[in-house]
S.K.: 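Pasting a structure below so you can have a look.
As the structure is a computational prediction, the values presented were derived from the model and not from experiment.
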Amino acid sequence: MKRVTRMLPALFALVVATACAAETAPLPQARPTAAPQGQAAVAPVAATTTPSPTPTTTAKIKLGIADITPMGEKTEKVGVGFPIIVTFDRDVKTKDRATVEALLQVESDKPNEGAWRWVSARKIIYRTKAYWKPYQKVLFTARLSELPGNTGGKNVSRRFAVGSQNISLVDTRKHVMKVYRNGKLAKKIPISAGRGGLMRGGVDVYLTTSGTHLTMGKKAVETMTSSWMGVTDPKDPRYYKEEIPWAVRISDSGEYVHQSAGYYQYLGRSNQSHGCVRATPEGAKWFYTIAQRGDVVKITGTKRKLQWNNGWSYWQLSYSQWKKGSALK
(Lines give C-alpha, C1' and ligand atoms only; values in the text may rest on other atoms or scores of the structure.)
Protein backbone atom coordinates (compact mmCIF):
# COMPACT_ATOMS: atom_id res chain seq x y z
CA MET A 1 0.00 0.00 0.00
CA LYS A 2 1.08 3.53 -0.65
CA ARG A 3 1.23 5.84 2.32
CA VAL A 4 -0.54 9.17 2.78
CA THR A 5 0.43 11.73 5.35
CA ARG A 6 -0.04 15.34 6.50
CA MET A 7 -1.24 17.61 9.37
CA LEU A 8 -2.97 20.32 11.55
CA PRO A 9 -4.83 23.47 10.32
CA ALA A 10 -4.60 27.13 11.76
CA LEU A 11 -7.42 28.69 13.74
CA PHE A 12 -10.44 29.52 11.59
CA ALA A 13 -10.85 33.20 10.85
CA LEU A 14 -13.99 34.70 12.31
CA VAL A 15 -16.86 34.60 9.89
CA VAL A 16 -19.62 37.16 9.62
CA ALA A 17 -22.91 35.63 10.72
CA THR A 18 -26.08 35.77 8.70
CA ALA A 19 -29.44 36.64 10.14
CA CYS A 20 -30.52 33.05 9.65
CA ALA A 21 -28.22 32.01 12.49
CA ALA A 22 -29.22 29.22 14.84
CA GLU A 23 -29.54 29.77 18.55
CA THR A 24 -26.53 27.52 19.18
CA ALA A 25 -24.11 27.04 16.29
CA PRO A 26 -22.47 23.58 16.28
CA LEU A 27 -18.71 23.28 15.96
CA PRO A 28 -17.35 21.61 12.82
CA GLN A 29 -16.56 18.46 14.81
CA ALA A 30 -20.03 18.23 16.36
CA ARG A 31 -21.72 14.85 16.23
CA PRO A 32 -24.44 14.40 13.59
CA THR A 33 -28.05 14.63 14.60
CA ALA A 34 -29.28 12.22 11.97
CA ALA A 35 -30.12 8.64 12.92
CA PRO A 36 -27.37 6.06 12.20
CA GLN A 37 -27.43 4.55 8.76
CA GLY A 38 -26.48 1.07 7.62
CA GLN A 39 -23.17 0.23 6.07
CA ALA A 40 -21.81 -2.19 3.49
CA ALA A 41 -19.19 -4.85 4.09
CA VAL A 42 -15.60 -3.61 4.29
CA ALA A 43 -13.64 -4.14 1.07
CA PRO A 44 -9.84 -4.22 0.73
CA VAL A 45 -8.50 -0.67 0.63
CA ALA A 46 -6.15 0.89 -1.88
CA ALA A 47 -3.85 3.86 -1.31
CA THR A 48 -5.19 7.32 -2.08
CA THR A 49 -1.99 9.31 -2.47
CA THR A 50 1.68 9.04 -3.27
CA PRO A 51 4.24 8.24 -0.55
CA SER A 52 5.28 11.12 1.70
CA PRO A 53 8.88 12.02 2.48
CA THR A 54 10.54 10.29 5.42
CA PRO A 55 10.50 12.65 8.44
CA THR A 56 13.92 13.84 9.54
CA THR A 57 13.25 15.46 12.92
CA THR A 58 13.86 13.48 16.11
CA ALA A 59 12.04 15.83 18.48
CA LYS A 60 10.41 14.10 21.44
CA ILE A 61 6.66 14.60 21.36
CA LYS A 62 3.89 13.24 23.55
CA LEU A 63 0.73 13.34 21.50
CA GLY A 64 -2.74 11.84 21.29
CA ILE A 65 -5.96 12.48 19.36
CA ALA A 66 -8.89 14.27 21.00
CA ASP A 67 -11.39 14.04 18.14
CA ILE A 68 -11.89 12.71 14.61
CA THR A 69 -14.68 13.96 12.32
CA PRO A 70 -16.78 12.49 10.69
CA MET A 71 -18.02 9.52 12.71
CA GLY A 72 -17.21 5.94 11.77
CA GLU A 73 -18.91 3.63 9.29
CA LYS A 74 -21.28 2.17 11.89
CA THR A 75 -22.70 5.58 12.81
CA GLU A 76 -23.11 7.55 9.59
CA LYS A 77 -22.58 7.63 5.86
CA VAL A 78 -20.84 10.70 4.46
CA GLY A 79 -21.04 12.71 1.26
CA VAL A 80 -18.48 12.77 -1.52
CA GLY A 81 -17.00 16.11 -0.43
CA PHE A 82 -16.35 15.10 3.17
CA PRO A 83 -13.12 16.17 4.91
CA ILE A 84 -11.28 14.24 7.61
CA ILE A 85 -10.80 16.59 10.55
CA VAL A 86 -8.28 15.48 13.20
CA THR A 87 -7.93 17.36 16.48
CA PHE A 88 -4.93 16.54 18.69
CA ASP A 89 -4.96 16.70 22.47
CA ARG A 90 -2.26 19.37 22.59
CA ASP A 91 -0.51 21.90 20.38
CA VAL A 92 2.02 20.67 17.85
CA LYS A 93 4.97 22.98 17.32
CA THR A 94 5.70 24.09 13.78
CA LYS A 95 9.04 22.28 13.75
CA ASP A 96 7.32 18.99 14.69
CA ARG A 97 4.41 19.09 12.26
CA ALA A 98 6.09 17.31 9.35
CA THR A 99 7.04 14.45 11.67
CA VAL A 100 3.49 14.06 12.93
CA GLU A 101 1.91 14.52 9.52
CA ALA A 102 4.10 11.81 8.06
CA LEU A 103 2.42 9.34 10.41
CA LEU A 104 -1.10 10.10 9.16
CA GLN A 105 -2.38 7.73 6.48
CA VAL A 106 -5.54 7.68 4.36
CA GLU A 107 -6.52 4.72 2.21
CA SER A 108 -9.65 4.16 0.13
CA ASP A 109 -11.30 1.41 -1.88
CA LYS A 110 -11.25 3.69 -4.93
CA PRO A 111 -7.90 5.57 -5.14
CA ASN A 112 -8.04 9.35 -4.89
CA GLU A 113 -5.24 11.84 -4.34
CA GLY A 114 -5.51 14.01 -1.24
CA ALA A 115 -3.55 16.27 1.09
CA TRP A 116 -3.51 17.49 4.69
CA ARG A 117 -3.68 21.14 5.71
CA TRP A 118 -2.86 22.52 9.17
CA VAL A 119 -5.48 25.05 10.30
CA SER A 120 -4.30 25.44 13.88
CA ALA A 121 -1.65 24.10 16.23
CA ARG A 122 -4.01 21.27 17.16
CA LYS A 123 -6.08 20.66 14.06
CA ILE A 124 -5.33 19.22 10.63
CA ILE A 125 -7.76 18.56 7.78
CA TYR A 126 -7.59 16.12 4.87
CA ARG A 127 -9.21 16.99 1.55
CA THR A 128 -9.09 15.14 -1.74
CA LYS A 129 -8.18 16.60 -5.13
CA ALA A 130 -11.48 15.41 -6.62
CA TYR A 131 -14.65 14.32 -4.85
CA TRP A 132 -14.64 10.85 -3.31
CA LYS A 133 -16.30 8.16 -5.40
CA PRO A 134 -19.61 7.09 -3.83
CA TYR A 135 -20.30 3.77 -2.14
CA GLN A 136 -16.88 2.92 -0.77
CA LYS A 137 -14.91 2.74 2.48
CA VAL A 138 -12.07 5.07 3.51
CA LEU A 139 -9.62 4.18 6.28
CA PHE A 140 -7.75 6.79 8.34
CA THR A 141 -4.81 5.68 10.50
CA ALA A 142 -2.58 7.74 12.80
CA ARG A 143 0.56 5.73 13.67
CA LEU A 144 1.33 7.73 16.81
CA SER A 145 3.16 4.83 18.43
CA GLU A 146 5.96 5.49 15.91
CA LEU A 147 6.35 9.11 16.97
CA PRO A 148 9.82 9.62 18.51
CA GLY A 149 9.56 9.93 22.27
CA ASN A 150 5.79 9.39 22.28
CA THR A 151 5.99 6.90 25.13
CA GLY A 152 2.77 4.91 25.42
CA GLY A 153 1.37 6.52 22.28
CA LYS A 154 -1.33 4.47 20.62
CA ASN A 155 -2.18 4.06 16.96
CA VAL A 156 -5.67 5.34 16.13
CA SER A 157 -7.82 4.42 13.13
CA ARG A 158 -11.31 5.07 11.83
CA ARG A 159 -13.11 3.72 8.80
CA PHE A 160 -15.63 5.94 7.01
CA ALA A 161 -18.52 4.88 4.76
CA VAL A 162 -19.17 7.06 1.70
CA GLY A 163 -22.81 7.07 0.69
CA SER A 164 -24.53 8.33 -2.45
CA GLN A 165 -23.21 11.24 -4.48
CA ASN A 166 -25.49 14.17 -3.60
CA ILE A 167 -24.63 17.42 -5.38
CA SER A 168 -27.07 20.33 -5.20
CA LEU A 169 -26.91 23.40 -7.44
CA VAL A 170 -28.63 26.49 -6.02
CA ASP A 171 -29.26 29.31 -8.50
CA THR A 172 -30.24 32.40 -6.48
CA ARG A 173 -31.15 34.33 -9.64
CA LYS A 174 -33.52 31.70 -10.99
CA HIS A 175 -34.65 30.80 -7.44
CA VAL A 176 -34.28 27.05 -7.84
CA MET A 177 -32.25 24.24 -6.29
CA LYS A 178 -31.50 21.23 -8.48
CA VAL A 179 -30.44 18.12 -6.58
CA TYR A 180 -28.42 15.50 -8.45
CA ARG A 181 -28.02 12.01 -7.00
CA ASN A 182 -25.31 9.83 -8.53
CA GLY A 183 -25.19 12.12 -11.56
CA LYS A 184 -28.94 12.20 -12.26
CA LEU A 185 -31.36 15.03 -11.56
CA ALA A 186 -33.49 13.81 -8.65
CA LYS A 187 -35.46 16.94 -7.75
CA LYS A 188 -36.02 20.61 -8.57
CA ILE A 189 -37.03 22.66 -5.54
CA PRO A 190 -38.30 26.27 -5.66
CA ILE A 191 -36.27 28.39 -3.23
CA SER A 192 -35.84 31.90 -1.88
CA ALA A 193 -32.31 33.05 -0.94
CA GLY A 194 -30.92 36.05 0.95
CA ARG A 195 -32.50 39.38 0.06
CA GLY A 196 -29.50 41.55 1.04
CA GLY A 197 -29.62 45.00 2.57
CA LEU A 198 -27.88 44.72 5.95
CA MET A 199 -24.22 45.81 5.96
CA ARG A 200 -21.90 44.74 8.78
CA GLY A 201 -18.16 45.38 8.52
CA GLY A 202 -18.44 46.02 4.81
CA VAL A 203 -20.30 42.74 4.24
CA ASP A 204 -23.96 42.41 3.30
CA VAL A 205 -24.88 39.73 5.82
CA TYR A 206 -28.39 39.33 4.41
CA LEU A 207 -26.91 37.86 1.22
CA THR A 208 -26.43 34.12 0.81
CA THR A 209 -22.77 33.25 0.17
CA SER A 210 -21.88 32.02 -3.31
CA GLY A 211 -19.48 29.08 -3.50
CA THR A 212 -19.08 25.38 -2.79
CA HIS A 213 -20.56 24.53 0.59
CA LEU A 214 -20.63 21.18 2.36
CA THR A 215 -23.48 20.04 4.56
CA MET A 216 -22.29 19.92 8.18
CA GLY A 217 -25.27 18.56 10.10
CA LYS A 218 -29.03 18.68 10.31
CA LYS A 219 -31.92 19.05 12.75
CA ALA A 220 -35.57 18.24 12.30
CA VAL A 221 -36.32 21.50 14.11
CA GLU A 222 -33.77 24.30 14.62
CA THR A 223 -34.30 27.37 16.80
CA MET A 224 -33.24 30.53 14.96
CA THR A 225 -33.04 33.90 16.68
CA SER A 226 -32.00 37.51 16.14
CA SER A 227 -29.41 37.36 18.94
CA TRP A 228 -26.56 37.10 16.41
CA MET A 229 -27.02 40.83 15.71
CA GLY A 230 -27.47 41.76 19.37
CA VAL A 231 -31.27 41.89 19.26
CA THR A 232 -32.65 40.01 22.27
CA ASP A 233 -35.54 42.22 23.39
CA PRO A 234 -38.89 40.81 22.18
CA LYS A 235 -40.21 44.38 21.99
CA ASP A 236 -37.62 45.27 19.35
CA PRO A 237 -39.24 45.21 15.89
CA ARG A 238 -36.17 43.37 14.58
CA TYR A 239 -36.51 40.58 17.16
CA TYR A 240 -37.36 37.05 16.08
CA LYS A 241 -37.21 33.55 17.53
CA GLU A 242 -38.57 30.84 15.30
CA GLU A 243 -38.66 27.04 15.27
CA ILE A 244 -37.63 26.12 11.73
CA PRO A 245 -38.30 22.61 10.34
CA TRP A 246 -35.93 20.48 8.24
CA ALA A 247 -32.77 22.54 8.74
CA VAL A 248 -29.55 21.40 7.05
CA ARG A 249 -26.52 23.50 8.00
CA ILE A 250 -24.12 24.51 5.21
CA SER A 251 -21.79 27.06 6.89
CA ASP A 252 -20.54 28.37 10.22
CA SER A 253 -22.06 31.79 9.56
CA GLY A 254 -25.57 30.48 10.10
CA GLU A 255 -26.64 29.43 6.60
CA TYR A 256 -29.05 26.52 6.20
CA VAL A 257 -31.23 24.91 3.61
CA HIS A 258 -34.56 24.73 5.45
CA GLN A 259 -38.32 24.87 5.12
CA SER A 260 -39.62 28.36 4.61
CA ALA A 261 -41.54 29.65 7.63
CA GLY A 262 -44.47 30.79 5.54
CA TYR A 263 -43.84 33.33 2.75
CA TYR A 264 -44.41 30.54 0.24
CA GLN A 265 -45.42 33.10 -2.40
CA TYR A 266 -41.74 34.07 -2.77
CA LEU A 267 -40.42 30.56 -3.39
CA GLY A 268 -39.25 30.24 -6.96
CA ARG A 269 -39.91 33.95 -7.54
CA SER A 270 -37.71 36.25 -5.42
CA ASN A 271 -35.07 36.33 -2.68
CA GLN A 272 -36.55 37.31 0.68
CA SER A 273 -34.59 35.40 3.36
CA HIS A 274 -32.00 36.63 5.86
CA GLY A 275 -29.32 34.55 4.11
CA CYS A 276 -30.56 30.98 4.26
CA VAL A 277 -31.95 28.95 1.37
CA ARG A 278 -35.68 28.63 2.05
CA ALA A 279 -37.48 25.74 0.39
CA THR A 280 -40.99 24.36 0.10
CA PRO A 281 -42.17 22.10 2.96
CA GLU A 282 -42.12 19.03 0.72
CA GLY A 283 -38.76 19.91 -0.85
CA ALA A 284 -37.09 20.79 2.45
CA LYS A 285 -38.22 17.57 4.12
CA TRP A 286 -37.02 15.48 1.16
CA PHE A 287 -33.64 17.23 1.14
CA TYR A 288 -33.30 16.76 4.91
CA THR A 289 -34.04 13.06 4.53
CA ILE A 290 -31.30 12.40 1.97
CA ALA A 291 -28.70 14.80 3.40
CA GLN A 292 -25.39 13.33 4.58
CA ARG A 293 -22.61 15.33 6.20
CA GLY A 294 -20.16 16.20 3.44
CA ASP A 295 -22.72 16.51 0.64
CA VAL A 296 -21.96 19.26 -1.87
CA VAL A 297 -24.15 22.39 -2.15
CA LYS A 298 -22.97 24.84 -4.83
CA ILE A 299 -24.59 28.28 -4.66
CA THR A 300 -24.33 30.87 -7.43
CA GLY A 301 -25.76 34.29 -8.24
CA THR A 302 -24.83 36.52 -5.29
CA LYS A 303 -22.06 39.07 -4.77
CA ARG A 304 -21.07 37.68 -1.37
CA LYS A 305 -18.27 35.12 -1.72
CA LEU A 306 -18.03 32.12 0.58
CA GLN A 307 -14.76 32.06 2.54
CA TRP A 308 -12.88 28.75 2.52
CA ASN A 309 -12.78 28.57 6.33
CA ASN A 310 -16.47 29.29 6.83
CA GLY A 311 -17.64 25.87 8.00
CA TRP A 312 -16.44 23.00 5.81
CA SER A 313 -16.04 25.16 2.70
CA TYR A 314 -12.59 23.76 1.90
CA TRP A 315 -13.42 23.26 -1.78
CA GLN A 316 -13.28 27.05 -2.15
CA LEU A 317 -9.50 26.63 -2.36
CA SER A 318 -7.91 25.10 -5.44
CA TYR A 319 -6.05 21.87 -4.73
CA SER A 320 -2.69 23.60 -5.26
CA GLN A 321 -3.69 26.25 -2.72
CA TRP A 322 -4.89 23.59 -0.31
CA LYS A 323 -1.59 21.69 -0.41
CA LYS A 324 0.33 24.78 0.69
CA GLY A 325 -1.06 24.15 4.18
CA SER A 326 0.82 20.87 4.47
CA ALA A 327 4.01 20.66 6.54
CA LEU A 328 5.44 18.15 4.04
CA LYS A 329 7.15 19.72 1.07
S.K.: Side-chain contact test, heavy atoms from C-beta onward, threshold under 4.5 Å: evaluate it for K137 versus L139 and give yes or no.
M.R.: no
S.K.: Would you call D233 and K235 a salt bridge, taking side-chain N to carboxylate O under 4.0 Å as the test?
M.R.: no
S.K.: Under 30°, 30 to 60°, or over 60°: which ring-plane class applies to F160 and F82, parallel, tilted or perpendicular?
M.R.: tilted
S.K.: Could you pull out the closest heavy-atom pair between N112 and K129, with the gap in Å?
M.R.: OD1-N, 4.3 Å
S.K.: For F287, does its backbone N or O pair with a side-chain atom of W246 as donor and acceptor, under 3.5 Å?
M.R.: no
S.K.: Has R158 got a side-chain atom pairing as donor or acceptor with P70's backbone, closer than 3.5 angstrom?
M.R.: yes
S.K.: Mind checking ring pair (Phe, Tyr, Trp, His ring centres under 6.0 Å) for W315 and listing every partner two or more places apart, or none if nothing turns up?
M.R.: Y131
S.K.: Indicate yes or no for a side-chain donor-acceptor contact from S260 to the backbone of G262 under 3.5 Å, with no hydrogens or angles considered.
M.R.: yes
S.K.: Less than 4.5 Å apart, side chain to side chain, heavy atoms only: is that true for V78 and E76?
M.R.: yes
S.K.: Closer than 3.5 angstrom, by distance alone: can the side chain of S313 be matched with the main-chain N or O of Q316 as a donor-acceptor pair?
M.R.: no
S.K.: For a side chain to side chain contact (heavy atoms under 4.5 Å, CB included) check, start with the C-alpha distance between L214 and V296, then their side-chain angles and the critical distance, and finish with the verdict.
M.R.: CA-CA 5 Å; L214 295 182; V296 178; 3.9 Å; yes
S.K.: Using only atom types and a distance under 3.5 Å, with no angle test, would you say the side chain of D252 pairs donor to acceptor with the backbone of N310?
M.R.: no
S.K.: Among W322, Y319, Y126, which residue meets the ring-ring contact (aromatic ring centres under 6.0 Å, His included) test with Y314?
M.R.: W322
S.K.: Distance to the ring centre below 6.0 angstrom and angle to the axis at most 45 degrees; does that hold for R293 and W312?
M.R.: no
S.K.: With heavy-atom distances below 4.5 Å as the criterion, would you say the side chains of Q259 and Y264 are in contact?
M.R.: yes
S.K.: Taking S164 for its side chain and N166 for its backbone only, find out whether a donor-acceptor pair lies under 3.5 Å.
M.R.: no
S.K.: Checking Q136 side chain against K110 main chain: does a donor-acceptor pair fall under 3.5 Å?
M.R.: yes
